[in-house]
Amino acid sequence: MTSSVRVRIAPSPSGHLHIGTARTAVYNWLFARHHGGQFILRIEDTDAERSFPEYVDSIQQSLKWLGLNWDEGPFFQSQRGDIYARWVARLRDSGHAYLCYCTPEELAAKRESAQREKRPMRYDGRCRDLTAGERARFEAEGRRPALRLRIPDGDIVYKDIVYGELTRPSAEIEDFVCARAEGTPTYNFACVIDDHEMAISHVIRGNDHQTNTFKQILIYRALGLEPPQFAHLPLNLGQDRRKISKREGATSIIEYQQMGLLPEAMVNFLALLGWSPGDDREIMDRDEMIAAFSLDRVNPANPVFDLQKLEWMNGEYIRRMDANQLLTRLTPLIMESGLASRLEIESRWSWMLKVVESMRERMRRLTDFTETAAFYFRHQIAYDAKGARKYFTRPGVIDDLTALAEAFESVTLEQFTKERAEAQLRDLAEKSGRSPADLIHPLRLSLTGMTAGPGLFDIVEILGRDESLKRIRHLVNTLKTNPASIIPQGEPEKAK
RNA sequence: GUCCCCAUCGUCUAGCCCGGUCCAGGACACCGCCCUUUCACGGCGGCGACACGAGUUCAAAUCUCGUUGGGGACGCCA
């Protein structure tokens, strides 16, 4: 399909891919894919002081992780100096800009006094109409001029796809710098040139750029170029309704990746943060989102980022995922946590699938698996203290567990299933006049060390007859010889 | 401080452009019940919002103005 839609994401490599930039990328990507257009990656690394190659890498990796594949780029602004130089010259000769010899120090002083007097600081236009003689004198002083745009009179109006008609009187805009004294372009200028050169049709970016847009439109006009369409996105806020910041935790995409979130869930969640398909759909796959996406359904109000909802959505994705696929995703995590090696995982794949199946409904993050399924892999069980006091202190519990172990042992390996184990346990409970729960709880604790987790008989079957027996007998033995080591002494803590 | 933008449940939102069908719908979270060996999942139910004030109109969440609140921008940074 051919389309003239061309959009871009233009991160600056001063940090990892920020959650806000990621959302902007999602919207751009969705828009491009919906229209069969191109999605372009441009790295805005003109500020050498704050740009680092490792972030260039990290940003690309995060974008790939999210599945936001780009069609062109990455282009680096730092490598486009010639292009900018040509356009700077063109602007200088256009008559729409002038040389300004004010030094940064002079401007800083003015800015300071303006601030002190609580006046708005705007460039005063001192160099607007310099005579040739005055220019010569400044040059003789060794001053190097910056290039400022001469702001024309009249209101600047454009139609934003999200916000509608936006107006700004030109009196509100100062004669801003387009090229520095060294000849390099400032952000607004480089941005316009790149968007033009790359034939960008729609600039979709954060609302923090809204005032830049007026300036950029002026640059397009000064250069005699046709501006693209603009769509500003509301900025997402943190829980405190402030700009999302480090203090509330994760601001970069890799942090969410490390938290055990799935890229599909992340993209889905980000897309819904400020946009809705117009109906009640929430869990949407990529194709659905692409088909439904439209910029004029973007809500102009700033949304608050809600981690709980993201985690819920992640859980939904985990539940819907194919077990093999889920295990594949879990494999690196399992290896990292030392629960099992790749070889161990792959050689017991079908057993691993059972473990995963027993866990999936209980997971919201992938990391929940390594945290709560560890008992499947470790032979040494640490018993939950409260649980131990509650379930291991009942008179007769030792005899019950011993009897259960004997019952399990009497079954052949082939016949040792969860149904069989359950029948045995219930049978035993009935014979000894106890409720099944009286046996179930201590058994769970003896096998897993925990009071919560997967269905008990699933656990028994997955662990297998011998491992289950081993764990029960180990517990019984400890209870007989050294109960104090697992049952906390003293007054029980007050129930909350 | 100046300018710009925004304003529906705690949160994400539908509805707003084209007033009546909205004593405002869905989702997350929270609470209760059911299922159940625990935790989850699932099911059912509950709590919960049109920021405020004027105006227009037979009728306003929907249109207008103001107030308040929130956000953003005010660099030879991007």
Side-chain angles (χ1 to χ4, degrees), chain A residues 10-14 44-47 49-51 77 100 102-104 107-108 111 114-115 117-123 144-148 160 162-164 166-169 171-174 176-182 184-188 190-191 206-212 214 232 234-237 239 241-243 269 272-283 296-297 299-313 315 319 359-364 368 372 387 422 425-426 435-441 443-445 448 450-457:
Chain A
S12 74
S14 54
E44 309 216 321
D45 57 349
T46 49
D47 188 352
E49 298 272 303
R50 274 181 272 187
S51 298
Q77 287 193 322
C100 169
C102 299
T103 63
L107 294 168
R111 198 169 297 125
Q115 210 151 58
E117 294 162 37
K118 300 202 161 168
R119 284 182 289 111
M121 163 60 195
R122 221 162 279 144
Y123 178 65
R144 304 296 315 280
L147 187 65
R148 284 187 188 268
D160 188 281
V162 173
Y163 289 93
L166 259 22
T167 310
R168 190 144 201 234
E172 294 293 335
I173 304 173
E174 65 173 357
F176 61 93
V177 172
C178 287
R180 303 184 185 96
E182 321 88 81
T184 56
T186 55
Y187 165 72
N188 282 124
C191 184
N207 200 213
D208 48 343
H209 284 288
Q210 198 206 97
T211 49
N212 283 328
F214 293 101
H232 289 95
L235 264 21
N236 52 9
L237 273 26
Q239 309 283 342
R241 287 222 150 265
R242 312 216 144 253
K243 205 173 176 179
F269 177 77
L272 256 29
L273 201 60
W275 172 79
S276 103
D279 49 40
D280 289 338
R281 282 181 291 170
E282 296 217 270
I283 308 292
D296 41 48
R297 288 204 57 84
N299 183 342
N302 297 342
V304 172
F305 186 94
D306 183 6
L307 183 61
Q308 274 192 311
K309 185 148 187 176
L310 207 207
E311 290 184 329
W312 160 76
M313 191 171 274
R319 255 161 260 136
M359 289 301 299
R360 76 187 310 162
E361 278 179 1
R362 280 155 261 263
M363 295 166 61
R364 303 201 122 195
D368 290 340
T372 53
E422 178 163 6
L425 183 139
R426 291 189 187 280
S435 81
D438 284 341
L439 298 187
I440 282 169
H441 293 300
L443 178 58
R444 170 189 302 284
L445 198 55
T448 71
M450 303 186 298
T451 54
L456 178 64
F457 300 105

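Residue numbering restarts at 1 for every chain, and letters A, B, ... go by the order of the sequence lines. Note that the coordinates shown come from a computational prediction; the quantities given were computed from them, not determined experimentally.
Taking atom P in both B:rG70 and B:rC12, the straight-line distance is 16 Å, to the nearest Å. Between B:rG26 and B:rG45, the two P atoms lie 10 Å apart (nearest whole Å). B:rA51 and B:rC6 are spaced 13 Å apart, taking the C1' atom of each and rounding to whole Å. Taking atom C1' in both B:rA49 and B:rC23, the straight-line distance is 13 Å, to the nearest Å.
Among the protein residues, A:E174 comes within range of the sugar-phosphate backbone only, with heavy atoms under 4.0 Å from sugar or phosphate atoms but none that close to a base. Note on A:F214: nothing from the nucleic acid sits closer than 4.0 angstrom, heavy atoms only. Among the protein residues, A:R360 comes within range of no part of the nucleic acid, since none of its heavy atoms lies under 4.0 Å from any strand. Within the 4.0 angstrom heavy-atom criterion, only backbone atoms of the sugar-phosphate kind lie near A:R168; the bases stay farther away. The residue A:L272 sits close only to the backbone: its heavy atoms come under 4.0 Å of sugar-phosphate atoms, none of a base. Here A:C102 lies in heavy-atom contact (under 4.0 Å) with a base. The residue A:L107 sits close to a base: some heavy atom pair falls under 4.0 Å. Here A:A146 lies in heavy-atom contact (under 4.0 Å) with a base. Across all strands, A:G206 comes closer than 4.0 Å to no nucleic acid atom at all (heavy-atom distances). Here A:R111 lies in heavy-atom contact (under 4.0 Å) with sugar-phosphate atoms only. Using a 4.0 Å heavy-atom criterion, one finds that A:S276 contacts the sugar-phosphate atoms exclusively. Looking at heavy-atom distances under 4.0 Å, A:S435 makes no contact with the nucleic acid at all. Using a 4.0 Å heavy-atom cutoff across all strands shown, A:N299 reaches sugar-phosphate atoms only and no base atom. No engagement by A:P234 is indicated, since no non-hydrogen atom pair under 4.0 Å with the nucleic acid exists.
For the atom pair A:L307 CG and A:W312 CH2, the distance stands at 14.0 Å (nearest 0.5 Å). Atom CZ of A:F269 is separated from atom NZ of A:K309 by 8.0 Å, given to the nearest 0.5 angstrom. In this structure, CG on A:L425 lies 10.0 Å from CG on A:D438, to the nearest 0.5 angstrom.
Judged by distance alone, with hydrogens and angles left aside, A:K309 brings a side-chain donor or acceptor within reach of the base of B:rA27, the pair sitting under 3.5 Å. Evaluation of atom-type donor-acceptor distances gives a pair under 3.5 Å for the side chain of A:R362 against the base of B:rC39.
Across all strands shown, B:rC41 forms no Watson-Crick or G-U wobble pair with both distances under 3.5 Å. In this structure, B:rC35 makes no Watson-Crick or G-U wobble pair, since no nucleotide meets both defining distances under 3.5 angstrom. Shown here, B:rA60 forms no base pair; nothing in the strands shown gives a Watson-Crick or G-U wobble contact with both key distances under 3.5 Å. If you check B:rC52 for Watson-Crick or wobble pairing at under 3.5 angstrom, you find it paired to B:rG66. Using Watson-Crick or G-U wobble geometry with both donor-acceptor distances under 3.5 Å, B:rC17 finds no partner in any strand shown. In this structure B:rG10 sits in a base pair with B:rC28, meeting the Watson-Crick or G-U test at under 3.5 Å. Nucleotide B:rC23 forms no Watson-Crick or G-U wobble pair with any nucleotide shown, as no partner meets the under 3.5 Å limit on both distances. Using the Watson-Crick or G-U wobble rule with both distances under 3.5 Å, B:rU2 pairs with B:rA73.
Between A:R148 and B:rC76 there is a side-chain N or O to OP1 or OP2 distance below 4.0 Å. Contact check, A:N236 against B:rC12: no side-chain N or O comes under 4.0 Å of OP1 or OP2. Dashed line: the shortest gap from a side-chain N or O of A:T46 to OP1 or OP2 of B:rA78 is under 4.0 Å. The side chain of A:R122 contributes no N or O atom lying less than 4.0 Å from OP1 or OP2 of B:rA73. In terms of phosphate contacts, A:R297 brings a side-chain nitrogen or oxygen within less than 4.0 Å of OP1 or OP2 of B:rG15.
Side-chain contact check for A:Q77 versus A:Y187: every heavy-atom pair is 4.5 Å or farther apart. The side-chain heavy atoms of A:T211 and A:R168, taken from C-beta on, include a pair separated by under 4.5 Å.
Of the candidates B:rC6, B:rA40, B:rG71, the closest approach to any side-chain atom of A:L237 belongs to B:rG71. Of all nucleotides listed (B:rG25, B:rC6, B:rA78), B:rC6 comes nearest to the side chain of A:Y163.
Each of A:S12 and A:T451 was matched to the nucleotide of RNA chain B holding its nearest heavy atom; the match closer to the 5' end belongs to A:T451.
Surrounding CZ of A:R319 are more than 12 heavy atoms belonging to other residues, nucleotides or ligands, all under 6.0 Å away.
Checking A:V304, A:N299, A:N236, A:L310 one by one against A:L273, the side-chain contact (heavy atoms from CB on, under 4.5 Å) holds for a single residue, A:N236.
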